[in-house]
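Heads up: the structure comes next, in structure tokens.
FYI, side chains are in, hydrogens and waters are out, and symmetry mates aren't considered; it's all heavy atoms of this structure. Note that the structure is a prediction, hence the values are computed from the model and not measured. Chain letters run A, B, ... following the sequence lines, proteins first, then strands; residues in each count from 1.
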Protein chains: 2
Amino acid sequence: MALPSTYADRNCSLARALEVVGERWTLLIVRDAFYGVRRFGDFATQLGIPRASLTTRLKALVEEGVFERDVDGYTLTPKGIALWPTVRALMAWGDVHYSPAGVKRALRHDADGGLLDAQGRCEQCGSLVEVPETRIEPGPGFQPTVTDPDLVSQAMNQPRRLLDPIKL
Amino acid sequence: MALPSTYADRNCSLARALEVVGERWTLLIVRDAFYGVRRFGDFATQLGIPRASLTTRLKALVEEGVFERDVDGYTLTPKGIALWPTVRALMAWGDVHYSPAGVKRALRHDADGGLLDAQGRCEQCGSLVEVPETRIEPGPGFQPTVTDPDLVSQAMNQPRRLLDPIKL
DNA sequence: GCAGCGTGGTTCAGTGAATGAACCGGGACG
DNA sequence: CGTCCCGGTTCATTCACTGAACCACGCTGC
């Protein structure tokens with residue numbers, strides 16, 4: 001976002017956060033990382049983002065400590081994983097206001113299959129579900145593609161646990 | 001954000017949400033509205049946003065039903081108020097990772113003064129606190145300004161309830 | 001050895017959006 | 001009638017995003 005770090009915004013952690021993850025594409029990159037995407041090319045094709053933009057974003061995110069580079073690509077750090085409540089809140093807002101048929105992706109506690117409420121609590125066992133214990137799967141608002149998509153998309157549209165790397 | 005609404009992102013409510021509130025400045029405008037800002041000029045001076053950009057943003061947000069125009073300016077609709085969990089999550093992330101001295105703004109249940117936890121629950125009475133019942137006040141990470149700021153900033157830096165209009 | 005290919009980028013010209021400063025017009029006030 | 005406040009608009013400049021082409025490296029098969 002490159003906000004000019006103004007005096008006025010010194011006391012706003014929202015502005016500070018948006019300087020890091022407020023730029024176009026950034027939260028979508030983070031979302032794909034939660035889905036298990038790790039490789040440069042997979043981010044590029046999944047998001048349809050220009051490769052130059054992706055380079056810029058990933059570099060900035062690595063510098064900020066949201067991602068780290070390792071042998072098989074870019075993975076979320078704990079700081080990046082801490083963005084999950086934000087991603088979840090925005091997804092929920094989008095579901096409620098733009099998906100009349102119901103949520104496009106449902107979140108469940110992988111251990112017992114209980115749905116997660118707005119606070120991220122399992123309706124089955126009542127516990128706060130950690131990110132790696134969260135299963136994501138197509139919900140009632142999900143619209144299946146007619147033409148079968150690429151392998152990465154196929155993997156992302158199967159029920160799977162967050163952060164589980166996509167391996168083909 | 002004006003994402004090109006691609007086939008690939010049809011099934012992502014996060015992308016849909018970011019089309020509405022993902023543009024630069026948008027969430028900061030929403031934040032100021034939670035703080036009670038309602039007038040065009042106040043948004044402009046508080047955020048330091050170019051007036052032309054502010055016009056564009058507010059127009060888009062009114063069209064999307066996030067704000068509504070009324071006699072005393074722009075106020076959040078229920079759809080806009082529903083963005084509070086997102087704003088709170090991002091603020092919390094910014095506080096944790098960029099404000100070592102502690103949160104810049106603390107959130108309390110106005111009725112009993114209990115602090116809110118990460119899920120928005122009052123630690124005093126255990127209830128989920130609604131937005132208008134939330135009090136926001138400077139926290140330990142807050143850095144007071146030396147030169148006394150404008151009246152609107154002064155009002156925003158006092159403990160106050162969310163959505164309470166700023167009147168001078 | 002080398003031709004092909006997958007992967008992870010970089011380069012660069014074109015374009016559209018953000019910026020900021022100046023300007024405008026209506027209403028309230030005196 | 002003049003002035004100020006308020007909520008914008010206009011416009012030239014600058015900036016960042018875009019998209020397509022290109023590049024470098026390592027691996028595989030022949």
Side-chain angles (χ1 to χ4, degrees), chain A residues 1-9 15 18-29 32-33 36-63 67-75 150-153 155 165-168, chain B residues 1-9 15 18-29 32-33 36-63 67-75 150-153 155 165-168:
Chain A
M1 177 96 55
L3 292 177
S5 295
T6 61
Y7 198 61
D9 274 334
L18 286 173
E19 285 178 31
V20 181
V21 296
E23 309 226 19
R24 195 166 173 173
W25 297 114
T26 302
L27 276 184
L28 291 173
I29 295 171
D32 272 18
V37 175
R38 295 192 168 188
R39 297 202 329 224
F40 183 92
D42 288 343
F43 284 112
T45 58
Q46 285 307 304
L47 297 171
I49 178 178
R51 302 167 77 81
S53 306
L54 182 57
T55 301
T56 309
R57 288 290 160 278
L58 283 174
K59 196 175 296 178
L61 289 169
V62 168
E63 268 173 19
F67 279 89
E68 60 187 354
R69 273 237 60 171
D70 55 26
V71 282
D72 42 47
Y74 297 85
T75 58
D150 59 298
L151 291 172
V152 176
S153 293
I166 291 178
K167 37 184 175 280
L168 302 175
Chain B
M1 177 97 54
L3 291 177
S5 294
T6 60
Y7 199 62
D9 274 334
L18 286 173
E19 285 177 31
V20 181
V21 296
E23 309 226 20
R24 195 166 173 172
W25 296 113
T26 302
L27 276 183
L28 291 173
I29 295 171
D32 272 17
V37 176
R38 295 193 169 187
R39 297 201 331 225
F40 183 92
D42 288 343
F43 283 113
T45 57
Q46 285 307 305
L47 297 171
I49 177 178
R51 302 166 79 81
S53 306
L54 182 58
T55 301
T56 310
R57 287 290 160 279
L58 283 173
K59 195 175 296 176
L61 289 169
V62 168
E63 269 173 20
F67 279 89
E68 59 187 354
R69 274 239 58 171
D70 56 26
V71 280
D72 41 47
Y74 297 85
T75 58
D150 60 299
L151 291 171
V152 176
S153 293
I166 291 178
K167 36 184 175 283
L168 301 176

Using a cut-off of 4.0 Å on non-hydrogen atoms, how would the nucleic acid contact of A52(A) be classed: base, sugar-phosphate, or nothing?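 Base: the residue A52(A), judged by heavy atoms under 4.0 Å, touches a nucleobase.
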Student check: side-chain heavy atoms of E68(B) and T75(B) closer than 4.5 Å: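 E68(B) vs T75(B): side chains touch.
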[atom1] of [X] versus [atom2] of [N]: gap in Å, rounded?
X      : N      : atom1 : atom2 : answer
R39(A) : dT7(C) : CZ    : P     : 5 Å
L54(B) : dG7(D) : CG    : P     : 10 Å
I29(B) : dG7(D) : CD1   : P     : 14 Å
I49(A) : dG8(C) : CD1   : C1'   : 14 Å

With a 4.0 Å limit, can you tell me whether [X] has a side-chain N or O closer than that to the phosphate oxygens OP1/OP2 of [N]?
X      : N       : result
S53(A) : dC17(D) : no
W25(A) : dT18(D) : yes
Y74(A) : dT7(C)  : no
T55(B) : dG8(D)  : no

With the side chain of P50(B) defined as its heavy atoms from C-beta on, choose the nearest nucleotide among dT10(C), dG20(C), dG8(C).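 Nucleotide nearest to P50(B)'s side chain: dG20(C).
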Judged by atom type as modelled, is there a donor-acceptor pair below 3.5 Å linking the side chain of R57(A) to the main-chain atoms of R24(A)?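 Yes, the answer is positive, given that a donor and an acceptor are paired below the 3.5 Å cut-off.
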Roughly how far apart are Q46(A) CD and L28(A) CG, rounded to 0.5 Å?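 Q46(A) atom CD to L28(A) atom CG measures 11.5 Å (nearest 0.5 Å).
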First locate atom CH2 of W25(A), then atom CG of D32(A), and finally report the distance between them rounded to the nearest 0.5 Å.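 It comes to 10.0 Å.
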Of R57(B) and R51(B), whose closest DNA chain C nucleotide lies nearer the 5' terminus?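 Checking each residue's closest nucleotide, the 5'-ward one belongs to R57(B).
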